[in-house]
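Only one structure is covered here, and it is reproduced in the block below.
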Amino acid sequence: MNKNIITNWLGAIAIGALVSSCSVAQKYTRPELNMPVQYKSEANLTGDHVQLPWKTFFKDPQLIALIEKALHNNNDVAVALKTIDQLDLAMKQAKLSILPTAQATIGANRSYPSKNSMNGSMAEQFIGTKYIDDYTLNLGISWEADIWGKTKLRKDQTLADYFGQKENVVALKTRIIAQVAQAYYNLISLDQQLKIANENVKLSEDILRMMHLQYNSGQINSLAIEQAEAQKKTAELIIPLAKQNISVQESALSILCGEYPDSISRANSLKSVTPGEIYGSGVPAELLSRRPDLKAAEYAVVSLNAKTGLAKTAMYPSISLSAQVGANSFKFNKWFDLPGSITKNLAANLTQPIFQKKELQTAYKTAVIEQEKAAIQFKQAVMTAVGEVSNAMANYKGSTDRLNLVSRKGESLEKATKDATLLYKNGMATYLEVISAQSAKLQNELEQNTIELDRLNSMVELYRALGGATDSI
């Protein structure tokens, strides 16, 4: 091999290595968020400013079993984990982009040139055949000098995509935990709704039996009977609707847990499944380290920052080096007659895009816009997260206050209903007073059940909005 060629080739490699540390991409900086120092709504919460594992936050063993089943069997989680596997492969591939490529080719070719062509006349004259054979075996190596830091940019992009998807999976798991808990609480609430309706139907039946006795003795007229029957029907109408909603909720919860619709085992009351504590809210800035969806949104900006750098490097020159060695012969029996059949080739190329119909410039400007859009979406995600925490705190505080009031109201109505029934038996109250007290009691019990559900849901939503906590992937 010519010594000058080797010297020039090695010189080209040295130049490529020298400039390989150059980079035209801008280093990522987090967009200015201007986050508030505190939330709009604050609630008096217990605990410190650390994230609680969901198995610690939720106390009911049946709910914990359902959540574990959902995290293990949910199809959305399974798809998200497959996406992580894909990104893991892409990340490993990006790490190999700095290495040279090598390929081997082997081929045999026979051509029949025209007799009037130079190749045809020379073939018959020198080879003695009407055809020309060509046997080739080549081993080639090529390498592009990483002048502008493309390898690092590719690694940065794939790493950001990979870790962003991992955070997306954590966010998905956190959301599923909240959905399972809220569906479970709703199911218990429907059970209580059904229980309230049955108890009020029984109460109405007791009052009706007493009224029928009074009607038969001529103490009241049929209007009282009809109004008491109407009050009974009001409670009875709740029963089929509650049963219908229970069936629908059980099916939805089963599917959420990755199973076909089936009955769900659950606790008897909402009070028995109330989480034991809620940890402190902290400050809005802590959401950036707590909430996986915010971390995923920022990883998206990081990924597009690297993509913008790659689009910019495409407009700069590139240096590629290649070497090839092989064996070539027009006769099969002399194909590997070395060194006579050896063929060698060395090449160094410098490529500078000049006119690409503005495709490269357009791709770069598009990448910049995509990065700016991702930064705006990241800011919006942060604003939404702060709003979710404030709203969840407001809902928690409001539902707690309402529950205290409706509980005291329920105690009064319970006593009023008993007193009205007793007075009616002794002829000291009218049937309208009994029906009115019974109706108010029914509505208050249903309202209390709804508020209890709202309070539990707000606790779950606050837990999720503050970042939640799931097992590692």
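Sequence positions, counted from 1, serve as the residue numbers for this chain.
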Using atom types as modelled and distance alone, determine if a side-chain donor or acceptor of W148 lies under 3.5 Å from a backbone N or O of P317. yes
What's the shortest heavy-atom distance between V389 and L462, and which atoms? O-CD1, 4.1 Å
Show your working on salt bridge (Lys or Arg N to Asp or Glu O under 4.0 Å) between R464 and E388 and close with a plain yes or no. CA-CA 9 Å; R464 186 203 65 81; E388 286 177 349; 2.8 Å; yes
Tell me yes or no: between the side chains of S204 and Q231, is some donor less than 3.5 Å from an acceptor? no
Inspect the surroundings of NE2 in H72 and state if more than 12 heavy atoms from other residues, nucleotides or ligands are less than 6.0 Å away. no
Check whether any side-chain N or O of N391 sits under 3.5 Å from a backbone N or O of G387 as a donor-acceptor pair, and report yes or no. yes
Other residues, nucleotides and ligands only: do more than 12 of their heavy atoms fall within 6.0 Å of NZ on K307? no
Go through the side-chain N and O atoms of S303 and D161 and say whether any donor and acceptor fall under 3.5 Å apart. yes
Counting C-beta onward and ignoring hydrogens, is there a side-chain heavy-atom pair between I188 and L456 closer than 4.5 Å? no
Determine yes or no for a side-chain-to-main-chain donor-acceptor pair under 3.5 angstrom, with Q165 supplying the side chain and I84 the backbone. no
Assess, by modelled atom type and distance only, whether the side chains of Y184 and D60 contain a donor and an acceptor separated by less than 3.5 Å. yes
Any side-chain to backbone donor/acceptor pair from S399 onto I451? Under 3.5 Å, distance only. no
Would you say the side chain of V382 lies within less than 4.5 Å of the side chain of L287, judging by non-hydrogen atoms? no
Go through E370 and K373 one step at a time and tell me if the salt bridge (Lys or Arg N to Asp or Glu O under 4.0 Å) criterion holds. CA-CA 5 Å; E370 289 295 328; K373 286 168 55 180; 3.5 Å; yes
Distance (rounded to the nearest 0.5 Å) between I196 CD1 and I238 CD1: 8.0 Å
Between the NZ atom in K55 and the CD1 atom in I177, the distance rounded to the nearest 0.5 Å is 10.0 Å
Do Y260 and S254 have side chains that get closer than 4.5 Å, going by heavy atoms? no
Value rounded to 0.5 Å, distance of CG in N449 from CD in E445: 9.5 Å
Which heavy atom in A306 sits nearest to a heavy atom in L153, and how many Å separate them? CB-O, 3.4 Å
How many angstroms lie between atom CZ of R408 and atom OG of S412, to the nearest 0.5 angstrom? 9.5 Å
Compare every heavy atom of Q26 with every heavy atom of N305, then report the nearest pair and how far apart it is. ND2-O, 3.0 Å
State whether the side chain of S458 and the backbone N or O of R455 hold a donor-acceptor pair below 3.5 Å, judged by distance alone. yes
Look at the side chain of S189 and the backbone N and O of Y185, then say whether any donor-acceptor pair between them is shorter than 3.5 Å. no
Distance-only side-chain donor-acceptor flag, Y28 / E298, under 3.5 Å: yes
Which heavy atom of Q249 sits nearest to which heavy atom of L190, and what is that distance? CB-CD1, 4.2 Å
Main-chain N/O of A235 paired to N200 side chain as donor or acceptor, under 3.5 Å: no
Would the number of heavy atoms belonging to other residues, nucleotides or ligands and lying under 6.0 Å from CE of M35 be above 12? yes
When rounded to the nearest 0.5 angstrom, what is the spacing between CG in D85 and OH in Y162? 8.5 Å
State, with a plain yes or no, whether a side-chain heavy atom of R30 is found less than 4.5 Å away from one of F378. yes
How many angstroms lie between atom CD of Q371 and atom CD1 of I376, to the nearest 0.5 angstrom? 11.0 Å
Passes side-chain contact (heavy atoms from CB on, under 4.5 Å), Q62 versus V273? Steps please. CA-CA 10 Å; Q62 295 178 97; V273 297; over 6 Å; no
Kindly check if the number of other-residue, nucleotide or ligand heavy atoms within 6.0 Å of NZ (K152) is above 12? no
Between M91 and D88, is there a side-chain heavy-atom distance shorter than 4.5 Å? yes
To check you understand the geometry: which heavy-atom pair defines the closest contact between V434 and Y424, and what is its length? CG2-CB, 3.5 Å
If you count every heavy atom of other residues, nucleotides or ligands that lies below 6.0 Å from Q103 atom CD, does the total exceed 12? no
Check for a donor-acceptor pair, side chain of D191 on one end and backbone N or O of N268 on the other, with a separation under 3.5 Å. no
Donor-acceptor check, side chain of Q448 to backbone of S407, threshold 3.5 angstrom: yes or no? no
Does Q244 offer a backbone N or O that forms a donor-acceptor pair with the side chain of S247 under 3.5 Å? no
Of all the heavy-atom pairs spanning P36 and V386, show the shortest one and how long it is. CG-CG1, 4.2 Å
Could you check whether the rings of F58 and Y463 sit parallel, tilted or perpendicular, using 30° and 60° as the cut-offs? perpendicular
If you define the side chain from C-beta out and look only at heavy atoms, does anything of T366 sit under 4.5 Å from T362? yes
